[in-house]
Asker: 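Let me begin by handing over the structure; questions about it come next.
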Amino acid sequence: MKELTRRKRLRHFLIALFTVFIFVLPFFVSNNYYLSVLVVIGIHTTVVVGLCLLMGYAGQISLGHAAFYGLGAYTSGILTSTYNISPWLAILAGAMGTGIVAYIMGIPIFRLKEHYLALATLGLGLIIHVVFMEEVELTGGPSGLSKGIPYLAIGNIVFNTDFKYYFLVWTVALLAIILANNVVHSRIGRALRSIHGSEIAAQSLGVDTGKFKLQVFALSAVYASIAGSLYAHYITFISPSPFGLMTSIQFVVMAVVGGLSNIWGPILGVTGVTVLTEGLKSIVPQLIPQAGGEYEIVVFGLILVIIMIFLPEGLTSGVVRLYEEWRYRKERADETS
Amino acid sequence: MRLLEINNLTRSFGGVLAVNDVSFSVDKGQIIAIIGPNGAGKTTLFNLMTGIYPPTHGTIMFKGTEITGLTAYQIARLGIARTFQNLQIFNNMTVLENVMVGRHIKSKTGFLGAIFPVWPVQREEREIVEHSLDKLAMVGLTDQAMQPANSLPYGRQKMLEIARAIALEPELLLLDEPAAGLNSTETRELIDTIYNLRDQGVTILLVEHDMETVMEIADRLVVLNFGNKLAEGTPYEIQNNQEVITAYLGEEGSGC
């Protein structure tokens with residue numbers, strides 16, 4: 001019992017420490033470009049936290065999460081620009097709508113396992129992307145929503161600069177992390193992890209594995225949707241291109257790089273991959289002037305392969321494991337001496 | 001009191017009859033062993049009883065209600081727990097967390113409660129921990145509670161599976177080869193645990209190859225051979241049953 005309380009306190013302390021760090025950081029970043037990268041990292045972190053609940057804890061996969069990200073963005077974009085609905089209400093509508101879509105689509109999809117599940121989610125993502133492209137009257141088609149999407153505002157504070165938006169985005173991202181952390185260390189979190197550990201054993205202990213897979217899929221879609229809404233109100237213009245397969249793969253790579261079953265994994269994974277891609281954007285054109293955008297997928301592929309070979313649990317859990325093994329060995333040594 | 005009644009249970013896998021027209025019943029408070037040579041259909045029988053797959057024919061009654069065709073998690077909720085022949089430990093959790101999953105059906109926190117752990121949720125969580133620690137104490141794993149489950153040696157992992165199964169307070173506990181791979185000290189502990197559980201009112205049905213253990217603890221035995229029920233009776237009756245001896249030792253059997 002004491003050990004449990006100690007571990008819980010440590011987690012809460014780390015989260016508090018990180019919160020302070022996050023809210024102090026922008027005061028030391030004067031460059032607007034760096035600030036905008038940090039905003040994007042915050043938005044992507046929210047998506048990847050949800051994805052890690054699905055992949056790392058429940059052991060399922062989704063290669064279609066950019067579609068849910070897009071559903072949030074388009075719901076916000078369309079409701080606010082075309083129908084003049086309050087942005088906050090639109091975010092809520094997007095989150096609920098996306099959650100319901102994910103749950104219903106999940107019913108047939110989650111009858112499948114492993115590779116087949118990956119393919120089905122990939123297909124789902126492609127279908128939703130096609131809807132963004134083809135429903136021209138609603139979405140503006142490939143050229144995007146023509147009317148501007150308004151900035152978010154609370155009372156007189158309009159979130160129209162990177163500096164202000166940073167605080168909004170990271171408040172959401174931190175909430176996403178804290179709430180996900182609560183889920184992980186609960187009856188539900190254990191049920192999810194038991195599915196990953198052994199589905200047959202989970203069922204024989206009374207865990208309705210099918211129901212939990214659907215619920216966590218819907219929850220992760222809600223996370224993606226909220227992040228998508230924040231993206232729409234940040235860029236204030238949306239087109240289908242950021243919500244395609246490439247983005248879905250990027251989310252999965254971020255999740256895997258950071259480590260799937262650790263609450264710090266998403267932040268580390270998103271930061272690592274984003275810094276790398278942004279770095280490549282400035283370096284690659286200098287080295288190979290005729291290179292297009294496609295080199296990104298080569299880099300993602302390489303990262304994925306290297307991580308899977310050398311640190312299959314991802315950066316965070318890999319480091320945590322090494323630390324725990326070291327501590328365990330030290331305790332053993334202390335006991336015997 | 002009749003706890004479990006198996007009637008004409010049959011299961012075929014692509015023309016192979018893994019279990020063929022097997023009937024027997026289990027009374028409350030008994031320790032029943034299912035024995036038989038490899039491939040006799042013992043594990044298939046367990047899988048049918050716990051809803052891993054449905055039978056081709058026949059019915060299973062538990063406490064007077066038919067449970068044939070129910071899913072695994074529904075059967076668990078009615079009070080039937082099991083362990084597995086090939087360990088199914090949750091390797092991604094600690095020893096304690098493994099047992100805590102066993103409290104799943106005895107607790108009720110949902111997604112909303114998990115996201116916002118208000119006071120009643122925290123109280124339930126404490127109850128789950130205390131109860132799980134009790135079960136770990138029963139199988140002698142208290143000191144290993146916070147270790148990763150896969151760091152336990154094989155024999156301890158088997159005891160962990162038992163602790164996890166009894167955490168859901170089953171009326172019927174199915175143990176699939178609990179003594180396989182255990183050394184003699186561990187087997188002794190296992191037998192003590194089984195008696196202990198029986199004394200607490202848990203009915204136990206086990207599949208086991210270790211004849212010495214089986215003959216010692218079982219009140220009654222059911223012998224399977226090639227999916228058919230060969231015999232049923234007390235350990236004494238089974239040991240002197242000519243058909244059983246033939247099945248185990250061949251035509252010219254002359255004692256073990």
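Each chain gets a letter, A, B and so on, in the order its sequence line appears, and its residues count up from 1.
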Asker: Is it the side chain or the backbone of B/F111 that comes within 4.5 Å of chain A heavy atoms, both, or neither?
Answerer: both
Asker: So which part of B/T50 gets closer than 4.5 Å to some heavy atom of chain A, the side chain, the backbone, both or neither?
Answerer: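 Interface part for B/T50: neither.
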Asker: Taking side chain as everything from C-beta outward and backbone as N, CA, C, O, which of these in B/Q74 sits under 4.5 Å from a heavy atom of chain A? Side chain, backbone, both or neither.
Answerer: neither
Asker: Looking at B/F116 and A/L179, what are the two nearest heavy atoms and their distance?
Answerer: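 Heavy atoms of B/F116 and A/L179 come nearest at CE2-CD2, 3.9 Å.
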Asker: Determine whether a donor-acceptor pair (N or O, by modelled atom type, separation under 3.5 Å) exists between the side chain of A/R187 and the backbone of B/H104.
Answerer: yes
Asker: Considering only heavy atoms and a distance below 4.5 Å, find which of B/E161, B/R103, B/R77 pairs most often with chain A.
Answerer: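 Greatest number of close heavy-atom pairs with chain A: B/R77.
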Asker: More than 12 non-hydrogen atoms from neighbouring residues, nucleotides or ligands closer than 6.0 Å to OH on B/Y154, yes or no?
Answerer: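 More than 12 heavy atoms, drawn from other residues, nucleotides or ligands, come within 6.0 Å of this atom.
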Asker: Considering residues, nucleotides and ligands other than A/R9, do more than 12 of their heavy atoms fall under 6.0 Å from its CZ?
Answerer: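 No - once you tally the heavy atoms of other residues, nucleotides and ligands closer than 6.0 Å, there are 12 at most.
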Asker: Just wondering, are more than 12 heavy atoms of other shown residues or ligands nearer than 6.0 Å to CD in A/E114?
Answerer: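 No, CD of A/E114 has 12 or fewer neighbouring heavy atoms, counting only those of other groups under 6.0 Å.
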Asker: Pick one of side chain, backbone, both or neither for B/T71, based on which atoms fall under 4.5 Å of a heavy atom in chain A.
Answerer: neither
Asker: Are any of the side-chain heavy atoms of A/L4 and B/E125 separated by less than 4.5 Å?
Answerer: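 No; the side chains remain at least 4.5 Å from each other.
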Asker: Of the backbone (N, CA, C, O) and the side chain (C-beta and beyond), which part of B/E124 lies under 4.5 Å from a heavy atom of chain A, both, or neither?
Answerer: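 Side chain only.
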Asker: So what's closer than 4.5 Å to chain A heavy atoms on B/L78: side chain, backbone, both or neither?
Answerer: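 Interface part for B/L78: neither.
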Asker: Under a 4.5 Å heavy-atom cut-off, does chain B meet the side chain of A/I178, its backbone, both or neither?
Answerer: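 Neither part.
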Asker: When rounded to the nearest 0.5 angstrom, what distance separates CG in B/L112 from CD1 in A/I188?
Answerer: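 With rounding to 0.5 Å, CG (B/L112) is 10.0 Å from CD1 (A/I188).
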Asker: Using a cut-off of under 4.5 Å for heavy-atom pairs, which of B/P148, B/A114, B/A76 has the most such pairs with chain A?
Answerer: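 Most heavy-atom pairs under 4.5 Å with chain A: B/A114.
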Asker: Side chain, backbone, both or neither: which part of B/I115 has a non-hydrogen atom closer than 4.5 Å to chain A?
Answerer: both
Asker: If you draw a 6.0 Å radius around NZ in A/K8, do more than 12 non-hydrogen atoms from other residues or ligands fall strictly inside?
Answerer: no
Asker: Kindly say whether B/P117 contributes a backbone atom to a donor-acceptor pair with the side chain of A/N182 at under 3.5 angstrom?
Answerer: no
Asker: Are there residues of residues 98-112 of chain A that reach to under 4.5 Å of chain B by heavy atoms, and which ones?
Answerer: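 Residues qualifying by a heavy atom under 4.5 Å from chain B are absent, so none.
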Asker: Could you tell me the separation between the CE atom of B/M93 and the CZ atom of A/R193, rounded to the nearest 0.5 Å?
Answerer: 5.0 Å
Asker: What are the residues of residues 194-206 of chain A, in order of number, with any heavy atom under 4.5 angstrom from a heavy atom of chain B?
Answerer: A/S194, A/H196, A/G197, A/S198, A/I200, A/A201, A/A202, A/Q203, A/S204, A/L205, A/G206
